[in-house]
Amino acid sequence: MASEAAVEIADMVEVRFALQDGTLAKAYRANLAEALQAALPWLAEAPDAGVHRLNLVAGGGGEMLVTPRTRLVLRVPRERAQAAMALAGTVLRVGQDALRPWSPQLRELLPYATLYAHFVAAPDTDEAALVGRARRELEAIDVPAQPVCGRWQSPEGAMVGCSVMLAGLTRAESLRVLRRGIGPQRLLGCGLFVPHKSA
């Protein structure tokens with residue numbers, strides 16, 4: 001088990017950036033993904049790479065505020081971590097706005113028995129179909145967990161989906177889920193799991 005966990009934790013890491021204060025449009029995800037791929041051309045082809053949603057604060061006029069607590073977090077293969085850190089000190093043009101990442105930090109993926117994905121994308125709001133797809137993806141990586149769906153959302157345009165929780169995971173299973181995620185659109189912040197520490 002220990003050797004399996006070591007292999008699992010070795011191939012994916014997270015690179016976290018602080019961001020200078022600013023604003024973003026509420027529907028920023030597609031523009032952010034485009035800006036990141038322009039700055040890091042390898043990102044779209046990197047296996048299982050993803051971009052976490054930004055923790056923003058609602059501002060006036062439909063804008064969202066980038067605060068000192070906001071972090072840009074990329075989940076990338078370990079061998080790409082140093083390349084990802086090259087974002088520090090650059091300016092990402094996100095639609096009509098700009099993000100200025102700095103102070104990169106490398107973080108390991110830590111396994112917890114309960115994991116949570118804020119948003120798993122789906123073609124429609126058929127919960128049974130989403131659960132079925134999620135179970136098949138989990139079975140493909142030898143994770144026999146039962147997905148539990150939460151609130152349905154539509155964060156941008158026609159994109160719909162819901163939060164998903166997985167519980168009762170072993171250390172190795174948790175690491176496999178953290179590495180792979182479920183569903184499509186990783187670069188839009190979809191299907192990425194994080195530890196649910198309060199569960």
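The figures that follow rest on heavy atoms only: side chains count, while hydrogens, waters and symmetry mates do not. Bear in mind the structure is a predicted one, so any value in this text is a computation, not a measurement. Numbering starts at 1 and runs along the sequence shown.
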Spatial distance of atom CE (Met165) from atom CZ (Phe193) [nearest 0.5 Å]
10.0 Å
In the single-linkage hydrophobic clustering (I, L, V, M, F, W, Y; side-chain heavy atoms under 4.5 Å), do Leu87 and Met85 co-cluster?
yes
Minimum heavy-atom distance Pro123-Val160, with the two atoms named:
C-CG2, 4.3 Å
Phe119 vs Gln153, test: side-chain contact (heavy atoms from CB on, under 4.5 Å). Steps then yes/no.
CA-CA 8 Å; Phe119 186 87; Gln153 311 160 51; 4.0 Å; yes
Consider only side-chain heavy atoms of I, L, V, M, F, W and Y, link residues closer than 4.5 Å, and tell whether Leu36 and Val66 are in one cluster.
yes
For Leu130 and Cys162 the tightest heavy-atom approach is CD1-SG, 4.0 Å
Once rounded to the nearest 0.5 Å, what's the spacing between atom CZ of Arg176 and atom OG1 of Thr170?
6.0 Å
Kindly work out whether a path of hydrophobic side-chain contacts (I/L/V/M/F/W/Y, heavy atoms less than 4.5 Å apart) joins Leu110 to Val194.
no
Atom CD of residue position Glu137 - does it have more than 12 heavy atoms of other residues, nucleotides or ligands inside 6.0 Å?
yes
Close side-chain approach of Pro77 to Met12, heavy-atom, < 4.5 Å
yes
Which residue is it: Val51, Leu187, Val13? I am looking for the one with a side chain to side chain contact (heavy atoms under 4.5 Å, CB included) to Leu74.
Val51
Are Leu106 and Val76 joined in one hydrophobic group, where the rule is that I, L, V, M, F, W and Y side chains link up if heavy atoms are under 4.5 Å apart?
yes
For a quick test of your reading: what N or O donor-acceptor pairs under 3.5 Å do the side chains of residues 17-33 make, sequence neighbours left out?
unit_1: Tyr28; atom_1: OH; unit_2: Leu54; atom_2: N; d: 2.7
unit_1: Arg29; atom_1: NH1; unit_2: Leu188; atom_2: O; d: 3.1

Over 12 foreign heavy atoms within 6.0 Å of CD, Glu79
yes
Nearest 0.5 Å, what's the CG-CZ distance between Leu72 and Arg16?
10.0 Å
List the atom of Ala134, the atom of Pro147, and the distance in Å for their closest heavy-atom pair.
CB-CG, 3.7 Å
Look up atom CG in Asp48 and atom CG in Leu192, then write down how far apart they are to the nearest 0.5 Å.
9.5 Å
Checking side chain to side chain contact (heavy atoms under 4.5 Å, CB included) against Val143, which of Leu169, Leu115, Ile182 comes through?
Leu169
Val120 and Ser163: CA distance, side-chain angles, deciding distance, side-chain contact (heavy atoms from CB on, under 4.5 Å) verdict
CA-CA 6 Å; Val120 174; Ser163 59; over 6 Å; no
Apply side-chain contact (heavy atoms from CB on, under 4.5 Å) to the pair His118 and Cys190, showing each step before the final yes or no.
CA-CA 8 Å; His118 182 266; Cys190 306; over 6 Å; no
Ignoring hydrogens, what is the shortest heavy-atom contact between Ala122 and Arg133? Give both atom names and the distance.
CB-NH2, 3.6 Å
Should the heavy atoms of other residues, nucleotides or ligands under 6.0 Å from CH2 of Trp152 be counted, would the total exceed 12?
yes
Which pairs of donor and acceptor atoms, one on a side chain in residues 55-62, lie under 3.5 Å apart (sequence neighbours left out)?
none

Criterion side-chain contact (heavy atoms from CB on, under 4.5 Å) on Tyr116 and Thr114, from CA distance to verdict:
CA-CA 7 Å; Tyr116 176 81; Thr114 302; over 6 Å; no
Checking salt bridge (Lys or Arg N to Asp or Glu O under 4.0 Å) between Glu14 and each of Arg71, Arg75, Arg179, Arg107, which is the one that passes?
Arg75
Nearest heavy-atom neighbours spanning Val91 and Ala98:
CG1-CB, 3.8 Å
About how many Å separate OG1 of Thr90 and CG of Leu92, when rounded to the nearest 0.5 Å?
4.5 Å
Cluster check Leu178, Val73: I/L/V/M/F/W/Y, side chain < 4.5 angstrom:
no
So, Arg78 and Asp11, do they make that salt bridge, N to O below 4.0 Å?
no
Please report the shortest heavy-atom distance between Pro144 and Glu173, naming the atom on each side.
CD-OE2, 3.3 Å
